[in-house]
**Student:** 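Here it is, the structure, as structure tokens.
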2 protein chains.
Amino acid sequence: MANFVYMKKLTIKDIAKEFNVSISTVSKALNDSYEISQATKDKIQKYAKENNYKPNFNALSLKNRSTKTIGVIMPTMLNYFFAQVFKGIEDAANKNGYKVITCISNQSHNKEAEIIEMLSNGSIDGFILSMAKETELKNDFKHFNETIENGTPIVMFDRVAHSIDCDKVIADDYNGALNTVEFLHKKGHKKIAFISTMSDLQIGKQRFLGYKKGLENVGLPFNDDLVVNILEKDYKKYEKK
Amino acid sequence: MANFVYMKKLTIKDIAKEFNVSISTVSKALNDSYEISQATKDKIQKYAKENNYKPNFNALSLKNRSTKTIGVIMPTMLNYFFAQVFKGIEDAANKNGYKVITCISNQSHNKEAEIIEMLSNGSIDGFILSMAKETELKNDFKHFNETIENGTPIVMFDRVAHSIDCDKVIADDYNGALNTVEFLHKKGHKKIAFISTMSDLQIGKQRFLGYKKGLENVGLPFNDDLVVNILEKDYKKYEKK
DNA sequence: CTGAAAGCGCTAACAG
DNA sequence: CTGTTAGCGCTTTCAG
């Protein structure tokens, strides 16, 4: 194991001592305040840069009552869709000066609630999340409501709880499936199957309905043998490790 | 858009006011100090629980000089290996009371340096990271050294910089490939190919050497036609979006 | 058993 | 142009 000595990071106070000025002068100088002379600003900024000064994140968050970080809760990451969404969130967040704290619910309602609990202490400014499978199946959204009531905003995506009053970003699962069927039919296909790993979730149901409607629209018969639903237990087996 | 009013969270001060005691009494009561009478502790703890009090994360971090959060930098998440590692880290971190701030370098040296810069302000207690491809190719590890010198520990995994003095967790790429060849040969296979998307990285080179040594060990001829290296530019094409 | 005060690092009135 | 002070939420001596 490599060794680590606790190394105190440079603070505004240290800089103040260095130049025999007050800490507020340093603070203002670093923030380029008009109140400070150019000479003072120059030397202080130079010193700060050279010595790798960085304003302490926790002090700022405490003062500003804002952490500039977003809590992201994913049902899983072992799935291309969610990994892509994550990449998108992380990227957009960074571009806007936000960090991202990410947790995986692993489809568990309990874990999801725990995560929310853990982060609802001023660690983050708000949540972006997609519900755990179990949460949707149980229809238990208490933790979401409490969080929102306690002043932490939530944005849901993909697997959303429509009954919760918050912003949501969703795909048009119904028309997506419907259009796909029509597209395949136009390409000349006659036997179009429906395979799903989430027929128990709302998004799965919507896709199935869209699939059926699509068949109907193009005049193809619905055939039960062409519908494959991977069951919950098999799915779980797959999800684990 | 849903609306959000800024809602002040319950603080120790509010509780103190509620019971006409000092904030230090509340603090001690909540921490179950022996200095406080059972009666006082009971009523304060009850009130805190009922009103969903949570100690402010930033105040604690500031006071303790420790954030209980780890910065994780991944080259990509669109890759089963890294997604799995991430899951493992996140899980272990949570179990030990740590949060995880995750950023994606997207194989870019610049982005990697930026991320480190952004998080080296007291946001995290240390890093767990796997180098960006570009970083390894450039052999430019300044940012790692600076970070460690400034007192933020780094643990590297998989794609590590051996010259950096820090803890590392790596796979035995050389023997992994070697054993695989021997295993396949034992199974009766004669034409064993080597396909790699990272022949330019150390781990890729080690695997290749192991592959060759394995062939030698079992007495199979090395055949250049059985070696496929997906080139950097093709790889990049694949990595993007 | 309870409270006052200092301090973590920083900002922002307000004085001078 | 620079400094003093209070305060963000919390813990921790030190007094009482």
Side-chain angles (χ1 to χ4, degrees), chain A residues 6-45 47-48 51-69 120-125 150-152, chain B residues 6-45 47-48 51-69 120-125 150-152:
Chain A
Y6 172 71
M7 205 166 305
K8 195 174 174 309
K9 298 210 167 136
L10 194 69
T11 72
I12 234 176
K13 204 171 172 183
D14 303 322
I15 305 183
K17 205 174 297 166
E18 177 73 20
F19 292 104
N20 275 308
V21 294
S22 75
I23 58 166
S24 62
T25 300
V26 176
S27 172
K28 287 172 190 165
L30 290 174
N31 290 305
D32 232 344
S33 162
Y34 66 96
E35 296 184 271
I36 305 294
S37 76
Q38 198 56 48
T40 311
K41 284 202 280 197
D42 285 347
K43 69 179 180 190
I44 287 182
Q45 286 172 8
Y47 182 85
N51 292 276
N52 226 303
Y53 168 79
K54 298 209 188 52
N56 181 282
F57 168 77
N58 292 114
L60 284 181
S61 298
L62 189 56
K63 188 88 185 122
N64 301 335
R65 292 131 170 283
S66 143
T67 60
K68 287 289 204 174
T69 113
S120 295
N121 60 354
S123 296
I124 55 147
D125 295 343
N150 282 322
T152 305
Chain B
Y6 172 71
M7 206 164 305
K8 194 174 174 310
K9 299 210 168 136
L10 193 69
T11 73
I12 235 175
K13 205 172 170 181
D14 303 322
I15 305 183
K17 205 175 296 164
E18 177 73 19
F19 291 104
N20 275 308
V21 294
S22 74
I23 58 166
S24 60
T25 300
V26 175
S27 172
K28 287 172 189 166
L30 290 175
N31 290 307
D32 232 344
S33 161
Y34 67 94
E35 296 184 272
I36 304 294
S37 75
Q38 198 55 49
T40 310
K41 285 202 278 197
D42 284 348
K43 70 179 179 191
I44 288 183
Q45 286 174 7
Y47 182 84
N51 292 277
N52 227 302
Y53 167 79
K54 297 209 189 53
N56 181 284
F57 168 77
N58 292 113
L60 284 182
S61 298
L62 188 55
K63 188 85 186 132
N64 301 335
R65 292 130 169 286
S66 143
T67 59
K68 287 290 204 172
T69 111
S120 296
N121 60 354
S123 296
I124 54 147
D125 294 344
N150 282 321
T152 305

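Here is how names work: the chains are called A, B, and so on, in the same order as the sequence lines, proteins then strands, and each is numbered from 1.
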**Student:** Tell me, please, which residues at least two apart from Ser37(B) pass side-chain hydrogen bond (donor to acceptor under 3.5 Å, both in side chains).
**Tutor:**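 Ser37(B) satisfies side-chain hydrogen bond (donor to acceptor under 3.5 Å, both in side chains) with Thr40(B) only.
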
**Student:** Please state how far atom CD1 in Ile12(B) lies from atom P in dC8(D), giving the value in whole angstrom units.
**Tutor:** 13 Å

**Student:** Measure CD1/Ile36(A) against C1'/dT11(C) and give the value in whole Å, please.
**Tutor:**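 So the CD1-C1' distance, Ile36(A) to dT11(C), works out to 13 Å.
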
**Student:** Does a side-chain N or O of Thr11(A) approach OP1 or OP2 of dC8(C) to a distance below 4.0 Å, or not?
**Tutor:** no

**Student:** Looking only at side-chain N and O atoms, does Tyr53(B) come under 4.0 Å of OP1 or OP2 in dC10(D)?
**Tutor:**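 Affirmative; the distance criterion is met.
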
**Student:** To the nearest Å, give me how far apart CZ (Phe57(B)) and P (dC10(D)) are.
**Tutor:** 13 Å

**Student:** Answer yes if the side chains of Ser24(B) and Ser27(B) hold a donor-acceptor pair under 3.5 Å, and no otherwise.
**Tutor:**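 Distance-only check fails for Ser24(B) and Ser27(B).
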
**Student:** List the residues meeting side-chain contact (heavy atoms from CB on, under 4.5 Å) with Asn51(B), not counting sequence neighbours, and say none if there are none.
**Tutor:**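 Only Leu10(B), Tyr47(B) meet the side-chain contact (heavy atoms from CB on, under 4.5 Å) criterion with Asn51(B).
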
**Student:** Quick one: Lys13(B) NZ to dC10(D) P, roughly how many Å, whole number?
**Tutor:** 10 Å

**Student:** Could you pull out all residues at least two apart from Thr67(A) that satisfy side-chain contact (heavy atoms from CB on, under 4.5 Å)?
**Tutor:** Phe57(A), Ser61(A), Thr69(A), Asp125(A), Asn58(B)

**Student:** Considering residues at least two apart in sequence or located in another chain, which fulfil the side-chain contact (heavy atoms from CB on, under 4.5 Å) criterion with Ser120(A)?
**Tutor:** Ile116(A), Phe127(A), Thr147(A), Lys54(B)

**Student:** Measure the distance from CG on Asn56(A) to C1' on dC10(D) and round it to the nearest whole Å.
**Tutor:** 15 Å

**Student:** Does Phe19(A) reach a base, just sugar-phosphate, or nothing at all? Heavy atoms under 4.0 Å.
**Tutor:** nothing

**Student:** What residues form a side-chain hydrogen bond (donor to acceptor under 3.5 Å, both in side chains) with Asn64(B), not counting sequence neighbours?
**Tutor:**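 Scan of Asn64(B) (side-chain hydrogen bond (donor to acceptor under 3.5 Å, both in side chains), adjacent residues dropped) gives none.
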
**Student:** Any side-chain N or O of Thr25(A) under 4.0 Å from OP1/OP2 of dT2(D)?
**Tutor:**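 No, Thr25(A) has no side-chain N/O under 4.0 Å of OP1/OP2 on dT2(D).
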
**Student:** Looking for any heavy atom pair under 4.0 Å, which part of the strands does Thr40(B) touch: base, sugar-phosphate only, or nothing?
**Tutor:** sugar-phosphate

**Student:** Quick one: list whatever passes side-chain contact (heavy atoms from CB on, under 4.5 Å) with Asp42(A), sequence neighbours left out.
**Tutor:** Gln38(A)

**Student:** Report each atom pair, protein N/O against N/O of nucleotides 12-16 of chain C, whose distance is under 3.5 angstrom.
**Tutor:**
| unit_1 | atom_1 | unit_2 | atom_2 | d |
| --- | --- | --- | --- | --- |
| dA13(C) | N6 | Lys28(A) | NZ | 3.4 |

**Student:** Rounding to a whole Å, what distance do you find between Arg65(B):CZ and dC8(C):C1'?
**Tutor:** 6 Å

**Student:** Scan for salt bridge (charged side-chain N to carboxylate O under 4.0 Å, His left out) pairs involving residues 31-41 of chain B, sequence neighbours excluded, and state none if there are none.
**Tutor:**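 Listed once each, the pairs are Lys28(B)-Glu35(B), Asp32(B)-Lys41(B).
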
**Student:** Measure the distance from CG on Leu30(A) to C1' on dG9(C) and round it to the nearest whole Å.
**Tutor:** 12 Å

**Student:** Answer whether the closest heavy-atom distance between the side chains of Thr25(A) and Phe19(A) falls below 4.5 Å.
**Tutor:**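 Not touching, per the 4.5 Å side-chain cut-off.
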
**Student:** Whole angstrom is fine here: how far is it from NZ in Lys43(A) over to P in dC1(D)?
**Tutor:**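 It works out to 13 Å between those atoms.
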
**Student:** Once you build an axis from the first five pairs and another from the last five of the helix from dC1(C)-dG16(D) to dG16(C)-dC1(D), how far apart in angle are they, to 10 degrees?
**Tutor:**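 For the helix from dC1(C)-dG16(D) to dG16(C)-dC1(D), the axes at opposite ends meet at about 60°.
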
